[in-house]
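What follows is a single structure, written as structure tokens, with notes after it.
Residue numbers begin at 1 in each chain, while the letters A, B, ... track the order of the sequences.
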Amino acid sequence: MTQNIQVYNTLSRKKEKFVPINKSHVGMYVCGPTLYGPPHLGHARPSVVFDVIYRYLLHVGYKVRYVKNITDVGHLENDADAGEDKIAKKARVEQLEPMEVVQKYTLIYHENMAKLNVLPPTIEPRASGHIIEQINMVEEILKNGYAYVANGSVYFDVEKYNQDHPYGQLSGRKVEDLLSETRTLDGQEEKRNSADFALWKKASPEHIMRWPSPWSDGFPGWHIECSAMSTKYLGQEFDIHGGGMDLLFPHHECEIAQSVGSGGKAPVKYWLHNNMITINGKKMGKSLGNFINLDEFFSGNHKLLEQAYSAMTIRFFMLQAHYGGTLDFSNEGLKAAEKGLNRILDAHKVLITLKPNGEGVDIQPTKEACYKAMNDDFNTPIVLASIFDMVKIINSIHKNLQFINEKNLTLLKTTFETFVFEILGLKNSETKNTSTDISNEIMNVLIDLRKEAKRAKNFTLSDSIRDHLAKIGVTLKDSREGTSWEVKS
RNA sequence: GGUCGCGUGGCCGAGUGGUUAGGCAGAGGUCUGCAACACCUUCUACAGCGGUUCGAAUCCGUUCGCGACCUCCA
């Protein structure tokens, strides 16, 4: 199946036709989380966005190697302890080994991702497991003359590099502007220019995460791990590199410089960036302290949350916006998402019971609209609009207000299920299907009793049954064919 | 200060030079013993000001407002 997919490439600031380097294989690298804390809503966005892209590429027939790293080393902090490794700092506070911290939050992260129905990447490399590759890459860059050693640390020489290769293309920066930056930051005195960035940092005596290297006992720089790991698993040139917009500069810019500076080739054909989640218009982020953890969403246990929201509600909420725009968090928005999602999932229950009832609707245009939307830079809000069109069609056929033949009914089922479940990755929340044979039988008894009561016009009794069930979360749904029931989570 | 982006109806959020986005909420109706669900109908738009055009919410300019990056961040 060939689809003409257009993607917005940050590098060119334009939509471009997606043509993979290898005809049938796609290499995709996405910057994963730095796990020194529980995952929050901000982490969920790139995970969901690139999960949908991954799912769609698989659906249209590509063989995809999807690499998403876990960063468990590196990254300096910008507070009073500047210069100290984030993981190491957290470890000190909690009196744990650094790897214990990473392990703890990795497990939570995986659990949260599974709840969001995010497929695992095909490779999930860790920075700490690729120290040798990172050292090798630093050596290559040094050999090529684009880096220098200062006091046991290694820095990338941006000015030198810029003489041979343009630096700043991805983020639209000018090197002369960067060089004139005058702020004083930690470690600046070792750098030749403020725009230079660390490839290897010598560890201070109290720094517990450290590895031997040709230059010092230390740890890798802030950007080298993604370059080293993407090169190792996807090669010097690969198709898609994704991540949050906040990583555009300096992280991704440095990745390009490191790859070009070591291997001589620009690593990425298409740079894709998801935009931020905002809360009251401000970016939700660790450093701003205004983030909400995913587990807090699932439990509703946070002062900004009016209720608990299921993982699927959060996934749906994100799919309602295009990945390139900011998405503002609000209880109102999430509640609307919850209702909309339930309508889709309820419609599927109806869909699987439908029988052809005549000639009428043509599903082909709806199907084409879905593909067209996905092909246009993965426009999930447009896909959802078509899905809601199908919801309307499904319910109308169910009521014999619209008519469908067998061919179109089959097409309706495959289109609906393909896009809702396979591509968008939505599913019924686990809490809903708790029915066992016994509870089914009990429900049948209650529904029959209510039917008898209604026949005898004993509405006090029939309503009492309905209201009591509603109180424990069981909704009765009357229709011409009889009464069905479901548990609302 | 530099770079980039945004401003759509009650809320969230697509799209675009002339034709319904969609969801949630609101209104009216059908269905129902009453409801819920569902279906039908329906109301609120494109920040302000100029310009280009037969025609702009959509292109250009400008003003105002907001945000992101420039330092770790998804």
*RNA chain B: A/Gly244 or A/Gly340, which has the more 5' nearest nucleotide?*
A/Gly340
*So what does A/Ile277 hit on the nucleic acid, given a heavy-atom distance under 4.0 Å: a base, only sugar-phosphate, or nothing?*
base
_OP1 or OP2 of B/rC39 versus the side-chain N and O atoms of A/Asn395: is any pair under 4.0 Å?_
yes
*Can you run through RNA chain B from 5' to 3' and write each base as (, ), [, ], | or . depending on how it pairs? Watson-Crick or G-U wobble, both distances under 3.5 Å.*
(((((((..(((.....[...))).(((((.......)))))....(((((..]....))))))))))))....
*Under the 5.5 Å and 30° test, is A/Phe388 stacked on the base of B/rG23?*
no
*Touch class at under 4.0 angstrom, heavy-atom based, for A/Gly333 against every strand present*: nothing
_Can you tell me which nucleotide in B/rA68, B/rG23, B/rC4 comes closest to the side chain of A/Lys282?_
B/rA68
*asked:* Looking at every non-hydrogen atom in both residues, tell me the closest pair between A/Arg315 and A/Asn117 and how far apart they are.
replied: NH1-O, 3.1 Å
*Return the nearest nucleotide to the side chain of A/Phe317; candidates are B/rC24, B/rC70, B/rC12.*
B/rC12
*When you compare B/rC31 with B/rA38, how far apart are their C1' atoms, in angstrom units rounded to a whole number?*
9 Å
_Looking at A/Lys399 and B/rC31, is any side-chain donor or acceptor paired with a base atom of the opposite kind under 3.5 Å?_
no
*Which is true for A/Leu248 with a 4.0 Å heavy-atom rule: it touches a base, it touches only sugar-phosphate, or it touches nothing?*
nothing
*Touch check for A/Asp463, heavy atoms < 4.0 angstrom, all strands: base, sugar-phosphate only, or nothing?*
base
*Among B/rG33, B/rC39, B/rC70, find the nucleotide with the atom closest to the side chain of A/Ser396.*
B/rC39
*Determine the Euclidean distance between corresponding P atoms of B/rG5 and B/rU44; express it in Å to zero decimal places.*
34 Å
*Using the C1' atom on both, measure B/rU62 against B/rA27 and round to a whole Å.*
41 Å
*For A/Ser386, answer base if it contacts any base atom (sugar-phosphate contacts may also be present), sugar-phosphate if it contacts only those atoms, and nothing otherwise; contact means non-hydrogen atoms under 4.0 Å.*
nothing
*asked:* Using OP1 and OP2 only, check whether a side-chain N or O of A/Arg343 sits under 4.0 Å from B/rC24.
replied: yes
_Between B/rC6 and B/rG13 - P atom distance, rounded Å_ = 15 Å
*Just how far, in rounded Å, is P of B/rG23 from CG of A/Asp346?*
15 Å
*Interatomic distance at P, B/rG65 relative to B/rG48, whole Å*: 15 Å
*Ignoring the backbone of A/Trp222, work out which of B/rC72, B/rG33, B/rC73 is nearest its side chain.*
B/rC72
*asked:* Between A/Asn193 and A/Tyr155, is there a side-chain donor-acceptor contact under 3.5 Å, judged purely by atom types and distance?
replied: no
*Scan A/Gly42 against the nucleic acid and name what it touches under 4.0 Å (heavy atoms): base, sugar-phosphate only, or nothing.*
base
*Closest to the A/Asp246 side chain, choosing from B/rA14, B/rC73, B/rG13*: B/rC73
*Show your working on ring pair (Phe, Tyr, Trp, His ring centres under 6.0 Å) between A/His348 and A/Phe421 and close with a plain yes or no.*
CA-CA 10 Å; A/His348 182 251; A/Phe421 302 126; 4.7 Å; yes
*asked:* If you only use heavy atoms from C-beta on, which nucleotide in B/rC69, B/rC37, B/rA35 is closest to the side chain of A/Arg466?
replied: B/rA35
*So what does A/Met245 touch, heavy atoms closer than 4.0 Å: a base, only the sugar-phosphate, or nothing?*
nothing
*Choosing from B/rC69, B/rA14, B/rC24, which nucleotide comes nearest the side chain of A/Phe249?*
B/rC69
*asked:* For the residue pair A/Asp196 / A/Ser194, report whether a side-chain donor-acceptor contact shorter than 3.5 Å exists.
replied: no
*B/rG23 C1' sits how many Å from A/Met312 CE, rounded?*
18 Å
*Below 4.0 angstrom from OP1 or OP2 of B/rG5, is there any side-chain N or O of A/Asn275?*
no
*Rounded off to whole Å, could you give me the CD-to-P distance for the A/Gln320 and B/rG15 pair?*
14 Å
_Plane angle bin for A/Phe297 and A/Phe329 - parallel if under 30°, tilted between 30 and 60°, otherwise perpendicular_ = perpendicular
*Atom NZ of A/Lys335 to atom C1' of B/rG10: distance rounded to whole Å?*
15 Å
_5′-ward residue of the pair A/Ser462/A/Pro46 relative to RNA chain B_ = A/Ser462
*Indicate whether OP1 or OP2 belonging to B/rA25 is found under 4.0 Å from a side-chain N or O atom of A/Lys339.*
yes
*What is the minimum heavy-atom distance between A/Ile256 and A/Tyr161, and which atoms define it?*
O-OH, 4.0 Å
*Taking the same atom, P, in B/rU58 and in B/rC46, what whole-Å distance lies between them?*
11 Å
*For A/Trp271 and B/rC69, give me the distance from atom CH2 to atom P, rounded to whole Å.*
18 Å
*Please tell me which of the listed nucleotides, B/rA38, B/rG13, B/rA21, lies nearest to the side chain of A/Ala321?*
B/rG13
_Measuring only the C1' atom in each nucleotide, how far is B/rU63 from B/rG7? A whole number of Å is fine._
13 Å
*Return the value, rounded to whole Å, for the distance between atom NZ of A/Lys174 and atom P of B/rC4.*
7 Å
*Check whether the side chains of A/Ser227 and A/Glu255 place a donor and an acceptor atom closer than 3.5 Å, and report yes or no.*
no
*For nucleotides B/rA14 and B/rU8, find the distance between their C1' atoms and express it as a whole number of Å.*
10 Å
_Counting the atoms with a prime plus P, OP1 and OP2 as sugar-phosphate, which does A/Lys392 contact under 4.0 Å by heavy atoms, base, sugar-phosphate, or nothing?_
sugar-phosphate
*Roughly, in whole Å, what's the span from CG in A/Leu341 to C1' in B/rG22?*
15 Å
*Worked verdict on A/Ile5 versus A/Phe378 for side chain to side chain contact (heavy atoms under 4.5 Å, CB included)*: CA-CA 8 Å; A/Ile5 301 175; A/Phe378 315 105; 4.0 Å; yes
*Tell me which nucleotide among B/rC34, B/rC4, B/rG13 gets nearest to the side chain of A/Arg13.*
B/rC4
*Identify which nucleotide among B/rC70, B/rG33, B/rG15 has an atom closest to any side-chain atom of A/Pro250, counting heavy atoms from C-beta outward.*
B/rC70
_Output the rounded distance in Å from CG (A/Asp376) to P (B/rA14)._
13 Å
*When the ring centroid of A/Tyr270 is compared with that of A/His241, is the distance short of 6.0 Å?*
no
*Which atom names give the shortest non-hydrogen contact between A/Phe249 and A/Ser171, and what distance separates them?*
CD1-OG, 3.2 Å
*Could A/Arg466 and A/Asp463 be called an ion pair, given the rule that one side-chain N must be under 4.0 Å from one carboxylate O?*
yes
_Is there, by distance only and without an angle test, a donor paired with an acceptor across the side chain of A/Asp478 and the base of B/rA36 below 3.5 Å?_
no
